[in-house]
Amino acid sequence: MICALPFLILTPPLPLTTPTAEEIMCRVAENQQRAEVARSKFVYDMNVFVRLQRANGKVAREESRDYVVTPTPKGARRKLIKLEGKIFQGKTEVPYTKAGFEHKGVDIDSGITDGFANSVMWRKNSMAAGLGWFPLTGGNQSRYEFKLEGEELYHDYDVYKISFQEMKSGDQDDCWSGETLIERHEFQPVLIRTSWDCKIPRAVKIMLGFTISQIGAKVTYQRFDKDVWFPVQSGGELKVRALFLYARTIAFSAKNGGFRKADVNTAIVFEGDADAPGDLADDPH
């Protein structure tokens with residue numbers, strides 16, 4: 001599916017007849033840039049949580065980060081306010097407050113935890129919230145097939161329910177699939193679920209010694225004003241087995257809240273002001 005966005009902008013609203021899944025998703029793609037501009041007028045708080053569990057189900061490491069997200073001339077900046085982490089070894093707990101903290105030499109958990117914490121629902125210099133897994137923009141939608149499954153009421157929103165499946169392209173498998181609920185009047189996503197349905201080829205497992213399975217994620221949106229929709233909650237889980245001895249189940253989530261409009265009374269720290277008094281740490285991501 002290819003969305004002719006310039007054409008859509010000039011066309012009148014869709015008629016009262018039910019649009020096709022492709023028409024609905026093209027309208028969604030058209031609205032994404034407008035939604036990002038609307039978000040740029042807000043400051044909000046973000047909490048990111050990552051937990052790693054061993055193969056026996058016991059927690060190996062968990063970390064919580066609190067950020068403040070503010071608009072900047074380039075888009076947005078996320079500032080780390082507080083970090084609390086714990087490493088679990090038997091009955092011993094090792095607390096830490098520094099991103100990327102490593103414990104006892106080579107620490108694979110450290111890199112994985114830091115990587116997820118930096119990327120869950122976040123994209124550098126952007127209010128678009130790092131949702132590249134999902135077919136929302138015109139560029140991403142071109143890789144998917146869509147099917148309108150019906151209409152329903154979801155948390156006071158009138159929505160279209162649409163399923164999607166990634167199309168097979170060359171040697172690439174159609175691995176991503178899921179469903180999304182699209183608000184019927186403003187054509188904004190309300191809920192998106194996706195999962196990775198493919199298996200890593202056996203040859204790759206043997207050569208590299210790792211597998212990734214049971215990948216899934218969900219994002220929930222909320223309307224704050226006309227054309228102002230924010231992703232307010234995101235979460236997911238996957239299993240990783242690497243180096244033949246390392247196995248983890250990774251659970252991750254992010255919550256956005258405390259939304260307030262950025263105005264003359266809002267203290268906003270732009271890039272270049274990293275040494276401002278009271279700064280705990282800056283997230284380069």
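If you're wondering where the values come from, they're calculated on a predicted model, not measured in any experiment.
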Note, D45 side chain near I81 side chain (heavy atom, < 4.5 Å): no
Side-chain donor or acceptor of S110 paired with backbone N/O of F101 under 3.5 Å: yes
Check against side-chain contact (heavy atoms from CB on, under 4.5 Å), F146 and T180: CA-CA 10 Å; F146 299 93; T180 180; 5.8 Å; no
Hphob cluster co-occupancy, L52 + F49, side-chain heavy atoms under 4.5 angstrom: no
Donor-acceptor contact below 3.5 Å, side chain R54 vs main chain V59: yes
Gap between atom CD of E183 and atom CG of L191 - 0.5 Å precision: 13.5 Å
Where A76 and V69 come nearest, the two heavy atoms and their spacing: CB-CG1, 4.3 Å
CD (E151) with more than 12 external heavy atoms under 6.0 Å: yes
Main-chain N/O of D114 paired with N118 side-chain donor or acceptor, under 3.5 Å: yes
Interatomic spacing from CZ in R27 to CZ in R184 - rounded to 0.5 Å: 13.0 Å
Whether E36 side chain and Q32 backbone form a donor-acceptor pair below 3.5 Å: no
Main-chain N/O of S253 paired with S234 side-chain donor or acceptor, under 3.5 Å: no
Beyond-backbone contact of D66 with N47, side-chain heavy atoms, under 4.5 angstrom: yes
Taking every non-hydrogen atom, the tightest pair across G100 and R65: N-NH2, 4.3 Å
Sequence-distant partners of D109, side chain to side chain donor-acceptor pair (under 3.5 Å), two or more places apart: Y246, R248
Stepwise salt bridge (charged side-chain N to carboxylate O under 4.0 Å, His left out) test for E62 and K86: CA-CA 6 Å; E62 62 182 27; K86 290 182 181 179; 5.4 Å; no
Nearest atoms (heavy-atom pairs only) where V120 meets R78: O-NH1, 4.2 Å
Heavy-atom donor-acceptor pair, N256 side chain to P231 backbone, under 3.5 Å: yes
Side-chain ion pair, R143 and E166, N-O less than 4.0 Å: yes
Atom pair CD1 (I162) and CD (E22), whose distance is rounded to the nearest 0.5 Å: 8.5 Å
All ring pair (Phe, Tyr, Trp, His ring centres under 6.0 Å) counterparts of Y154, not counting sequence neighbours: none
Derivation and outcome, side-chain contact (heavy atoms from CB on, under 4.5 Å), residues L83 and K98: CA-CA 7 Å; L83 186 152; K98 182 180 178 180; 6.0 Å; no
Verify same cluster id: V50, V94 (apolar side-chain graph, 4.5 Å): yes
Aromatic ring pairing F230/Y44, orientation class (parallel under 30°, perpendicular over 60°, tilted between): perpendicular
Smallest separation among heavy atoms of V28 and P189, with atom names: CG1-CD, 4.2 Å
For R223 against Y157, the heavy-atom pair lying closest together: N-OH, 3.1 Å
Stepwise side-chain contact (heavy atoms from CB on, under 4.5 Å) check, W176 with I215: CA-CA 10 Å; W176 289 108; I215 304 175; 3.9 Å; yes
Mutual orientation of the aromatic rings belonging to F164 and Y144 [parallel < 30°, tilted 30-60°, perpendicular > 60°]: perpendicular
Expected output: side-chain Q141 to main-chain M25 donor-acceptor under 3.5 Å: yes
Test ring pair (Phe, Tyr, Trp, His ring centres under 6.0 Å) applied to F88 - qualifying residues, sequence neighbours left out: none
Derivation of the side-chain contact (heavy atoms from CB on, under 4.5 Å) call for F42 and V228: CA-CA 10 Å; F42 286 79; V228 183; 3.7 Å; yes
Rounded distance [0.5 Å steps], CD1 in I24 versus CG in L148: 5.0 Å
Side-chain H-bond candidate by donor/acceptor type, S163 with E149, under 3.5 Å: yes
G258 backbone acceptor or donor facing R260 side chain under 3.5 Å: yes
Distance in Å, Y160 OH paired with E152 CD, rounded so as to fall on 0.5 Å steps: 13.0 Å
Given Q188, Q222, E186, the one that forms side-chain hydrogen bond (donor to acceptor under 3.5 Å, both in side chains) with W229: E186
CD-NE2 distance between Q89 and H103, expressed to the nearest 0.5 angstrom: 4.0 Å
Closest approach of F116 to I250 (non-hydrogen atoms, all atoms of both residues): CE1-CD1, 3.9 Å
Side-chain heavy atoms of K261 within contact of F224, under 4.5 Å: no
